[in-house]
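Notes follow once the structure below has been shown.
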Amino acid sequence: MKKVDKESTFRKLEGFQYKLVYVIAVLFSCYHLYTGMFGMFAAQIQRSVHLAFAFALVFLLYPARQKSSNRIGIVDYITAALAVFTGLYLTINYQHIMTAAGNYTQTDLLFGILGVLFTLEAARRVVGTPIVVIAASFLIYAYFGNYFPGFLSHRGYSVERIVTHMYYTTEGILGIPLGVSSTFIFLFLLFGAFLERTGIGKLFIDIANAIAGWASGGPAKVAVITSALEGTISGSSVANTVGSGSFTIPMMKRLGYRPEFAAAVEASASTGGQIMPPIMGAAAFLMAEFIGMPYIEIAKAAAIPALLYFLGVLISVHFEAKRLGLKGVSRSELPTVWSVIKERGHLFVPLVAIIYVLTEGSTPVRAALVGLAFSVAAGMIKKETRMSLADIINALEAGARSALGVAIACATAGIIVGVVTLTGVGLKMANGLVDLAGGNLLLTLMFTMVASLILGMGAPTTANYVITSTIAAPALVLLGVPVLAAHMFVFYFGIVADITPPVALAAYAGAGIAKADPFKTGVTATKLAIGAFIIPYIFVFSPQIILIGSTSLGIVQNLTTAICGMTGIGAAMIGYCLANMSLAERILFFVGGLMLIDPGIWTDIAGVVMLVTGIIIQIRKKKVSQSASLGA
């Protein structure tokens, strides 16, 4: 984890230092529970206190250098204390700053500078250097605007103007990204921590085994289903890969899958967890705020694409198992679905409760609080899932820790958003992107995809989405793409960056467990997750798949044809359906699958003709192969 996930490079503390960090983390969670139940403070106060807690934990938990001691040094204590005071400076001087009307004092300017610097340093420690470089580049652009050529040139701003805009308004560090982190996201991460304490992970694994453990290549299908279920409570591709992969990857290897394939299955499935409703990754909550749409509507829109994504991975796994002749586990060794539900099915109650509350029109904050309450109550039903007081407090601490990377990433992304709002560079770059593509929508989509994948190499999904939604999504909207489709497009590619070489963090994590080649794992994971590279283009050109302008009959038709299409594409990627495929057959299946995924009567007819033709060829091949084997 430490090699591929910056958030895992924290100190292993002991004694008083461990207790100090533990208490701060629990207080961090209690603060959010209090504001969630009794009402949020004014935006700047809510966000600055959230940032101060994050500063405290990051500077105490994460060393300045990776090879530093596991003990907190005096410099770290001083840095953490000064960072906390800087984070709270706006809260302490709230009335003065709100009425300053631009007349800031030298002390205000000093703490504004410190706020920006501490944000960048915290990001370096817990998120990684690339996002710091990106944010710093935007700050340089804001100051040296006159020196930039062509359409990027603008009037440069003073240090005071930049710093106060970044730190004392809701347009910069304390902007919408940190606002969402300090409200919805934190509570949902806390909800995930509570659910984990009830042992829901075992429920996911047992359910997946009961459903698919007996089928061809059973353990690999178990990995996909488990990761899809875990994705409903986890927003981290890497954490999901390591969590379920430590169980599923060795099982796949024992069954006969190549190490690279086993690791790739887990990585691609775990990465898809961030697009899996009802609780998607943190970026989905940001999307709801950015485009002004209720979160439940985004979750509904993401449902069919998520289903197609996981179905595509499952289909590829199935055809690979058939190609290799791999069997599943004997049914006698597996639990039944009913026995699993009877033993731990009550742990699904919190997820059902959240879905119900969201569909009733309540806010995500209320839904998260209801989910938290139900997770504790549901766990009480049986002794083996019951949480003690110590378990509850440990969950509060774990939830706070899991929020650090998101909080700091959101704060740093706020710097980028702040420069965009200050200079107007977002619209300039959107126009530039359209001009570069010559006004061609397909080219603009391809440029946006590449930009999202490149940003994903150095920025977590949350920050990646903030940047691309600020710069690239407006370019798509300029070309007539619906706002939701444009934002979903950049959201998807920000996520699949985690399995796209050369920097494929989830694939690298899976490769570490499987003892496989990381690059080959990334390539294989990309093939398995091919749906994630195709589906975004489909919902831009045919938004019915994300429920824009669709009817009930249209949804059923589109879903049916899309499932058939994903089957054709999955077979093409593996090179096997009923028998091994030639290159021409793979092209036939791939193109036919694409035609069926794209909603439309003529594309559906063309896709059906191609797939039926391919299947007839495969049937004949299989008969010839069987005849040859019988003759031998």
Side-chain angles (χ1 to χ4, degrees), residues 1-33 47-92 110-111 113-132 135 167 173 178 181-182 186 189-190 193 196 236 238-239 242 390-412 460:
M1 283 288 284
K2 285 188 175 184
K3 288 180 181 179
V4 297
D5 184 25
K6 192 69 174 172
E7 289 184 50
S8 299
T9 58
F10 54 82
R11 292 182 170 105
K12 306 291 185 184
L13 300 175
E14 296 178 350
F16 167 77
Q17 294 186 341
Y18 171 79
K19 291 176 183 176
L20 173 65
V21 169
Y22 187 93
V23 169
I24 294 171
V26 171
L27 290 174
F28 193 8
S29 292
C30 289
Y31 165 72
H32 283 286
L33 286 175
R47 297 169 191 182
S48 64
V49 174
H50 178 75
L51 184 61
F53 268 116
F55 278 163
L57 291 171
V58 167
F59 287 114
L60 291 175
L61 272 172
Y62 292 85
R65 298 185 306 276
Q66 284 194 11
K67 294 183 179 179
S68 296
S69 165
N70 268 329
R71 291 193 57 78
I72 302 170
I74 187 65
V75 174
D76 296 303
Y77 280 119
I78 294 170
T79 304
L82 185 56
V84 169
F85 186 77
T86 301
L88 294 175
Y89 182 79
L90 188 148
T91 299
I92 296 168
L110 171 63
F111 278 98
I113 292 171
L114 287 175
V116 173
L117 293 177
F118 280 132
T119 300
L120 292 174
E121 172 59 14
R124 186 187 70 82
R125 294 189 184 198
V126 75
V127 182
T129 304
I131 192 174
V132 177
Y167 203 63
I173 291 172
L178 193 67
S181 171
S182 66
F186 188 98
L189 290 173
L190 193 57
E196 285 179 12
S236 169
V238 176
V242 173
D391 289 330
I392 291 172
I393 297 174
N394 287 337
L396 291 173
E397 188 259 354
R401 282 199 182 211
S402 68
L404 295 180
V406 174
I408 297 301
C410 285
T412 311

(request) Kindly determine whether F28 and V49 satisfy side-chain contact (heavy atoms from CB on, under 4.5 Å), including the steps that lead there. (result) CA-CA 9 Å; F28 193 8; V49 174; over 6 Å; no
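- Rounding to the nearest 0.5 angstrom, the gap separating the CZ atom in F10 from the CG atom in N70 is 10.0 Å.
- Aromatic rings of Y89 and Y167 (six-membered ring for Trp) have centroids beyond the 6.0 Å cut-off, not under it.
- In this model, no donor atom of one side chain and acceptor atom of the other lie less than 3.5 Å apart for Q17 and Y22.
- Taking CZ from F111 and CG from L117, the interatomic distance works out to 12.5 Å, rounded to the nearest 0.5 Å.
- The shortest heavy-atom contact between T119 and I408 is O-CG2, 4.2 Å.
- With rounding to the nearest 0.5 angstrom, the NZ atom of K19 is 13.0 Å from the CG atom of L13.
- In this structure, F53 has its ring center at least 6.0 angstrom away from the ring center of H32.
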(request) Would you please test L178 and H50 for side-chain contact (heavy atoms from CB on, under 4.5 Å) and show each step? (result) CA-CA 8 Å; L178 193 67; H50 178 75; 3.7 Å; yes
(request) Give the intermediate values and the outcome of side-chain contact (heavy atoms from CB on, under 4.5 Å) for residues R125 and F59. (result) CA-CA 8 Å; R125 294 189 184 198; F59 287 114; 3.6 Å; yes
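- The shortest non-hydrogen separation linking R124 to A64 is NH2-O, 2.9 Å.
- Looking at L27 and L396, their side chains never come closer than 4.5 Å, going by heavy atoms from C-beta outward.
- Between G405 and V127 the shortest heavy-atom distance is O-CG2, 3.9 Å.
- The line from CD1 of I392 to OG of S29 is 12.5 Å long, rounded to the nearest 0.5 Å.
- In this structure, a donor-acceptor pair under 3.5 Å is present between the side chains of T91 and S48.
- When all heavy atoms of L190 and G399 are compared, the pair lying nearest together is CD1-CA, 3.9 Å.
- Counting only distance, with no hydrogens or angles, the side chain of D76 and the backbone of I72 share no donor-acceptor pair below 3.5 Å.
- Without hydrogens or angle criteria, R11 side chain to L60 main chain gives a donor-acceptor distance under 3.5 Å.
- Scanning both residues, A54 and A407, for their nearest heavy atoms gives CB-CB, 4.1 Å.
- Rounded to the nearest 0.5 Å, atoms SG (C410) and CZ (F186) are 13.0 Å apart.
- Taking the side chain as every heavy atom from C-beta outward, F85 and L114 never approach each other to under 4.5 Å.
- Put simply, the side chain of V21 reaches to within 4.5 Å of the side chain of R401, judged on heavy atoms.
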(request) Might you work through the side-chain contact (heavy atoms from CB on, under 4.5 Å) test for V132 and T412, ending with a clear yes or no? (result) CA-CA 8 Å; V132 177; T412 311; 5.6 Å; no
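- Considering every non-hydrogen atom in both G115 and I173, the closest pair reads O-CD1, 4.0 Å.
- Between atom OG1 of residue T86 and atom CD1 of residue I113 there is a gap of 11.5 Å, rounded to the nearest 0.5 Å.
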